[in-house]
Enquirer: 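So that we are looking at the same thing, I have put the structure below in structure tokens.
What's counted below: heavy atoms across the whole structure, side chains too, no hydrogens, waters or symmetry copies. The chains referred to below are lettered A, B, ... by the order of the sequence lines, with proteins before strands, and numbering in each begins at 1.
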Protein chains: 2
Amino acid sequence: MNVDSSGDRPYRADMPANGQGFLDSYLPYLLRQADQTLSAPFYDTLNHYGVARSEWRVLAVLHELGDLGVKDLANAALSPQPTVTHALRRLEARGLVIRTQGTQDKRQRLVSVTATGKELTQNLINQAKALETDQLAQADDLTDLIAQLKSLTATVEARSQQLAQNATQAG
Amino acid sequence: MNVDSSGDRPYRADMPANGQGFLDSYLPYLLRQADQTLSAPFYDTLNHYGVARSEWRVLAVLHELGDLGVKDLANAALSPQPTVTHALRRLEARGLVIRTQGTQDKRQRLVSVTATGKELTQNLINQAKALETDQLAQADDLTDLIAQLKSLTATVEARSQQLAQNATQAG
DNA sequence: TAAATAAACATTCATATGAATGTTGACAGC
DNA sequence: GCTGTCAACATTCATATGAATGTTTATTTA
């Protein structure tokens, strides 16, 4: 594991040599490292637009899935519900989304993106795509990696469900 | 992209169908999703020990690499320097680490883990390993995935360096 | 060597985060 | 139709986070 004391690259580290450590092959570490390395330049973009990361995640999900309730939004945005509610309040204050009362279930709040919000979202997505394209130009083919990530998540998710099931039965 | 409004699984989402969206194949999203799905149970463990995530990252890195200065620590822990300094203050207050003045460079603070800290770290790592083993029991072989992640990070990192280099020359 | 510059770490401070909890509405059993 | 239970979202509040900046020591330059 090489930390590179000299170069000026915050948030990152390489870790080859040093024998077989723990972190060296700890998946969450590697996943987070890859995420940060890929996302770093895009975070500058978000900063430029004054958009928090939680807000970006909400916008991206709404773009992907259309109008959604807060719970589904939180699930898809990989964020806790209160974090999403806070983000929505800020986005609504900026006129980027609107929350309407649910028709069936009056507890629900259906979140939709305004025209302005859609424009901003599209800009952000374009930028994200452009950055990714540039970054991955030199990289190997990724279809395999993507498939493995999805499979991994699905498998672990299923396992977690199974455990929750058992816990419920056991009481 | 299926959000699953019913089941009770915060922080997660599956996203198959719905055609080819953006998020659906956006690597940072998939990486973060995998990370969260894998890490979720371990976060309960951290909670149980009263250890913040940033603190865990610091301890894990120190375990892996031995005594380190704050900057190298921050790099390897994938965290900003102020975050690490805060974490260190808390860890030091709990008697889990100590900071000593650097011998060569008196600006540096060499961070080392106390006996208590090492014990706690070992417990946490054992728990992380146990959880991971259980989670990945059903999963396919991961050596390939790990290699791809490392390669991806290295490639993108190199590209980023290259850009920084050009910027400096141009400046 | 004095001065300017930069590097390592600490500190300040505004803000995002999320755990805990509150509020409102749905829904089951009676 | 009541009553209890649960679900969806909002709110409160203590805390982690990190950008900006300060302080101290190295290092370079004149």
Enquirer: Students often get this wrong, so: under 4.0 angstrom with heavy atoms, is A:G69 touching a base, only sugar-phosphate, or nothing?
Expert: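 The answer is sugar-phosphate, as A:G69 gets under 4.0 Å only of primed atoms, P, OP1 or OP2.
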
Enquirer: Looking only at side-chain atoms of B:S54, point me to the closest of D:dA26, D:dT17, C:dG25.
Expert: D:dT17

Enquirer: Starting from C1' on C:dA7, measure out to NZ on B:K71 and report it in whole angstrom.
Expert: 8 Å

Enquirer: In whole Å, I'd like the distance from the OH atom of B:Y43 to the P atom of D:dA16.
Expert: 15 Å

Enquirer: Please report, rounded to the nearest Å, how far the P atom of D:dA16 is from the CG atom of B:L46.
Expert: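 Rounded to whole Å, this separation is 13 Å.
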
Enquirer: Does any N or O donor sit under 3.5 Å from an N or O acceptor when you compare the side chain of A:Q81 with the base of D:dA10?
Expert: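 Side chain to base: pair found, below 3.5 Å.
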
Enquirer: Nearest 0.5 angstrom please: B:Q36 CD to A:L78 CG, how far?
Expert: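 Output value for this atom pair is 5.0 Å.
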
Enquirer: Atom NE2 of B:H48 to atom C1' of C:dA19: distance rounded to whole Å?
Expert: 17 Å

Enquirer: Compare all side-chain heavy atoms of A:T85 with those of A:R99 and state whether any distance is below 4.5 angstrom.
Expert: yes

Enquirer: Could you check whether B:E55 gets within reach of a base, just the sugar-phosphate, or nothing at all, counting any heavy atom under 4.0 Å?
Expert: nothing

Enquirer: Hey, what do you get for CG (A:D44) to OH (A:Y49), rounding to the nearest 0.5 Å?
Expert: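 Reported to 0.5 Å precision, the distance equals 13.0 Å.
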
Enquirer: Tell me which nucleotide among C:dA8, C:dA26, C:dA19 gets nearest to the side chain of B:Q108.
Expert: C:dA8

Enquirer: Look at the side chain of B:R107 against the base of D:dA26 and say whether a donor-acceptor pair falls under 3.5 Å; ignore hydrogens and angles.
Expert: no

Enquirer: Pairs in or reaching into residues 127-136 of chain A: which pass side-chain hydrogen bond (donor to acceptor under 3.5 Å, both in side chains), with residues at least two apart or in two chains?
Expert: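 Non-adjacent pairs meeting side-chain hydrogen bond (donor to acceptor under 3.5 Å, both in side chains): A:D134-B:R159.
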
Enquirer: Listed in order of residue number, which residues of residues 83-95 of chain B have a non-hydrogen atom at under 4.0 Å from DNA chain D?
Expert: B:T83, B:H86, B:R90

Enquirer: With B:D105, which of B:R107, B:Q101, B:R109 fulfils side chain to side chain donor-acceptor pair (under 3.5 Å)?
Expert: B:R107

Enquirer: Do other residues, nucleotides or ligands put more than 12 heavy atoms under 6.0 Å from the CD atom of B:E119?
Expert: no

Enquirer: I need the CZ-C1' distance between B:R99 and C:dA8, as an integer number of Å.
Expert: 13 Å

Enquirer: Please state whether the phosphate of C:dG25, meaning OP1 or OP2, lies under 4.0 angstrom from any side-chain nitrogen or oxygen of A:K106.
Expert: no

Enquirer: In whole Å, what is the span from the CD atom of B:Q101 to the C1' atom of D:dT23?
Expert: 13 Å

Enquirer: Reading DNA chain C from 5' onward, which residue's closest nucleotide shows up sooner: A:P82 or A:R57?
Expert: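 Its nearest nucleotide being more 5', the pick is A:R57.
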
Enquirer: Within the pair B:R109 and C:dA8, is there a side-chain N or O less than 4.0 Å away from OP1 or OP2?
Expert: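 So the side-chain polar atoms of B:R109 never come under 4.0 Å of the phosphate oxygens OP1 or OP2 of C:dA8.
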
Enquirer: For B:D72 and C:dA8, give me the distance from atom CG to atom P, rounded to whole Å.
Expert: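 Result: 8 Å.
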
Enquirer: Whole-Å distance between D:dG18 P and B:L78 CG?
Expert: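 To the nearest whole Å, that distance equals 11 Å.
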
Enquirer: State, yes or no, whether a side-chain contact exists between B:R53 and B:R57 at a heavy-atom distance under 4.5 Å.
Expert: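 Yes, side chains in contact.
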
Enquirer: Heavy-atom distance under 4.5 Å between the side chains of A:V113 and A:I98, does that happen here?
Expert: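 The answer is no; the side chains never approach within 4.5 Å.
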
Enquirer: Do the side-chain N or O atoms of A:S79 get closer than 4.0 angstrom to the phosphate oxygens (OP1, OP2) of C:dT17?
Expert: no

